[in-house]
**Student:** 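Before anything else, here's the structure in question.
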Amino acid sequence: NDKQITYDCHLLGNDSANYLLEGCPQVIGGISEPIVTDEILKNIVQEVHKQEPQKKYDGTTKGQFTLDISEQFASTAVEVIELVVHGEYESKAVGSRTFTVTSWEVKDDKAKMKEVPVSLVVSGKIEPKPIKLVWTAKTKEYDGNEAAAVHGIPNGIVADDIVSFLGEGSFANKHVGTDKTVSISNILASGKDAGNYSYPSNG
């Protein structure tokens, strides 16, 4: 509201040369949000139903996605209007999950949305969270083979998740020495939350 309008002005008419215009008067106006009609709301709901929200596993059921709804409004000159949709996955675990929309709002307040229709549910997916592993190898006495006892420490596990990692370690050769390179293979995760993470099979 109360936005100043800048414009050019001049006199017109057969007798305009007989007059002097003493500046342009100040004009104040307002810009209102686009009106979300029932028809527009219906179209937006149809577009939401077409979405398949995805996220990386984060240990929660909460999620959101953004939808460009600019074309739902009559003006072709309108700037981008994005709808931010919040919701809950049926489970926090990795896999295909239904996603129930709980709230939405237009980004940057470019339009005012009506309440979310009851039972607006779409199909979504939670993908495994990629993590990095830091490996340590125990020093051992010479025993004639390259086998190494290794322990994998994950970086990026969600708090309170139970996951551990095992792998088969192998020294570069069987000979005595220090600062020896150890290769890791057959990495496996265990624990009740292991399926929520992705990790390399070798290290």
Side-chain angles (χ1 to χ4, degrees), residues 1-132 155-160 196 198:
N1 294 320
D2 299 327
K3 299 175 72 71
Q4 184 171 346
I5 299 174
T6 301
Y7 66 100
D8 295 323
C9 60
H10 55 274
L11 297 173
L12 295 174
N14 295 332
D15 299 308
S16 60
N18 299 319
Y19 297 89
L20 177 65
L21 184 64
E22 295 182 350
C24 299
Q26 186 181 64
V27 176
I28 301 296
I31 301 176
S32 63
E33 302 93 347
I35 298 174
V36 180
T37 63
D38 289 340
E39 183 64 24
I40 290 177
L41 181 62
K42 178 182 177 181
N43 293 337
I44 290 174
V45 169
Q46 289 177 347
E47 288 302 311
V48 170
H49 273 297
K50 296 177 183 178
Q51 306 307 304
E52 296 182 359
Q54 297 184 9
K55 74 167 185 175
K56 298 294 184 183
Y57 171 77
D58 61 4
T60 73
T61 58
K62 294 185 181 301
Q64 71 175 55
F65 63 89
T66 302
L67 181 64
D68 186 343
I69 59 172
S70 306
E71 65 180 18
Q72 302 300 332
F73 298 92
S75 174
T76 57
V78 72
E79 59 184 317
V80 175
I81 298 179
E82 293 182 314
L83 181 67
V84 182
V85 183
H86 306 274
E88 296 273 350
Y89 291 91
E90 64 177 309
S91 168
K92 69 176 185 179
V94 166
S96 297
R97 309 291 176 194
T98 58
F99 181 88
T100 301
V101 178
T102 56
S103 65
W104 57 19
E105 75 273 350
V106 173
K107 193 173 181 180
D108 300 326
D109 291 327
K110 292 179 179 177
K112 296 299 182 184
M113 286 298 298
K114 298 180 179 180
E115 293 295 324
V116 176
V118 177
S119 300
L120 182 51
V121 180
V122 299
S123 297
K125 186 176 183 181
I126 300 178
E127 298 179 337
K129 179 183 180 182
I131 59 169
K132 294 182 178 180
N155 184 5
I157 297 295
V158 172
D160 299 326
N196 296 318
S198 62

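Values below: all heavy atoms of this structure, side chains included; hydrogens, waters and symmetry mates excluded. Residue numbers count from 1 along this sequence.
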**Student:** If you take all heavy atoms of R97 and Y89, which pair is closest and at what distance?
**Tutor:** CB-CD2, 3.8 Å
**Student:** Examine distances only and state if a side-chain atom of N196 and a backbone atom of V94 form a donor-acceptor pair shorter than 3.5 Å.
**Tutor:**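 Judged by distance alone, yes, a pair lies under 3.5 Å.
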**Student:** When rounded to the nearest 0.5 angstrom, what is the spacing between NZ in K50 and OG in S123?
**Tutor:** 15.0 Å
**Student:** Identify the heavy atoms of S96 and E90 that sit nearest to each other, and give their distance.
**Tutor:**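 Closest pair (atom of S96, atom of E90, distance): O-OE2, 4.1 Å.
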**Student:** Kindly compute the distance separating CG (L120) from CD1 (I44), expressed to the nearest 0.5 Å.
**Tutor:**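 Result: 11.0 Å between the selected atoms.
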**Student:** A side-chain contact here means heavy atoms from C-beta on lying under 4.5 Å apart; do E82 and D108 qualify?
**Tutor:** no
**Student:** Return the set of residues passing salt bridge (Lys or Arg N to Asp or Glu O under 4.0 Å) with D8 (not counting sequence neighbours), or none when no residue passes.
**Tutor:** none
**Student:** Does CG belonging to N1 count more than 12 external heavy atoms closer than 6.0 Å?
**Tutor:**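 For N1, atom CG is not crowded (no more than 12 foreign heavy atoms under 6.0 Å).
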**Student:** For a quick test of reading the model, state the closest non-hydrogen atom pair linking K56 to P130 and the distance between them.
**Tutor:**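 Heavy-atom minimum between the residues: CD-CD, 4.3 Å.
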**Student:** Taking the basic N atoms (NZ, or NE/NH1/NH2) and the acidic carboxylate oxygens, is any pair closer than 4.0 Å for K42 and E39?
**Tutor:**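 Salt bridge: no.
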**Student:** Do the non-hydrogen side-chain atoms of V121 and V101 ever get within less than 4.5 Å of each other?
**Tutor:**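 The answer is no, as the side chains (C-beta and beyond) never meet within the 4.5 Å cut-off.
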**Student:** Take atom OH in Y19; do more than 12 heavy atoms of anything else shown fall under 6.0 Å from it?
**Tutor:**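 No - once you tally the heavy atoms of other residues, nucleotides and ligands closer than 6.0 Å, there are 12 at most.
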**Student:** Check for a donor-acceptor pair, side chain of K110 on one end and backbone N or O of V80 on the other, with a separation under 3.5 Å.
**Tutor:** yes
**Student:** Just by distance, do the side chain of K112 and the backbone of V106 share a donor-acceptor pair under 3.5 Å?
**Tutor:** no
**Student:** Just do the side chain to side chain contact (heavy atoms under 4.5 Å, CB included) check on I131 and I157 with the steps written out, would you?
**Tutor:** CA-CA 7 Å; I131 59 169; I157 297 295; 3.8 Å; yes
**Student:** If you draw a 6.0 Å radius around CD in E127, do more than 12 non-hydrogen atoms from other residues or ligands fall strictly inside?
**Tutor:**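 Yes.
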**Student:** Tell me, do I126 and Q54 make a side-chain contact under 4.5 Å, heavy atoms counted?
**Tutor:**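 Of all side-chain heavy-atom pairs linking Q54 with I126, none is under 4.5 Å.
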**Student:** With K55, which residues qualify under salt bridge (Lys or Arg N to Asp or Glu O under 4.0 Å), at least two apart?
**Tutor:** D58
**Student:** Between Q64 and V84, what is the shortest heavy-atom contact and its length?
**Tutor:** NE2-CG1, 3.8 Å
**Student:** For the pair Q72 (side chain) and I40 (backbone), establish whether a donor and an acceptor sit closer than 3.5 Å, ignoring hydrogens and angles.
**Tutor:** no
**Student:** Quick one: does V48's side chain get under 4.5 Å of L67's, heavy atoms only?
**Tutor:**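 Yes, at least one pair of side-chain atoms sits under 4.5 Å.
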**Student:** Are L41 and M113 side-chain neighbours, meaning at least one heavy-atom pair lies under 4.5 Å?
**Tutor:** yes
**Student:** Are the side chains of P128 and Y57 in touch, meaning some heavy atoms are under 4.5 Å apart?
**Tutor:**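 No, too far: nothing below the 4.5 Å cut-off.
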**Student:** Apply side chain to side chain contact (heavy atoms under 4.5 Å, CB included) to E105 and V85, showing your working.
**Tutor:** CA-CA 7 Å; E105 75 273 350; V85 183; over 6 Å; no
**Student:** Please check: side-chain N/O of W104 versus main-chain N/O of G87, any donor-acceptor pairing under 3.5 Å?
**Tutor:** no
**Student:** Are any non-hydrogen side-chain atoms of E52 and K125 less than 4.5 angstrom apart?
**Tutor:**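 No, their side chains stay 4.5 Å or more apart.
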**Student:** For E88 and T61, which I'm curious about, is there any donor-acceptor pair between the side chains at under 3.5 Å?
**Tutor:**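 The criterion, which ignores hydrogens and geometry beyond distance, is satisfied for T61 and E88.
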**Student:** Got more than 12 heavy atoms from elsewhere within 6.0 Å of NZ, K107?
**Tutor:**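 Counting other residues, nucleotides and ligands, NZ of K107 stays at 12 neighbours or fewer.
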**Student:** How about Q46: does its CD atom have over 12 heavy atoms from other parts shown lying under 6.0 Å from it?
**Tutor:** yes
**Student:** With side chains defined as the heavy atoms from C-beta onward, is the minimum distance between I81 and F73 less than 4.5 Å?
**Tutor:** yes
**Student:** Has the side chain of E47 got a donor or acceptor atom that lies under 3.5 Å from a matching backbone atom of N43?
**Tutor:** no
**Student:** What distance do L83 atom CG and I69 atom CD1 have between them, rounded to the nearest 0.5 Å?
**Tutor:**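 CD1 of I69 is found 5.0 Å from CG of L83.
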**Student:** Could you tell me the separation between the OG1 atom of T100 and the NE2 atom of H86, rounded to the nearest 0.5 Å?
**Tutor:**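 Answer rounded to 0.5 Å: 15.0 Å.
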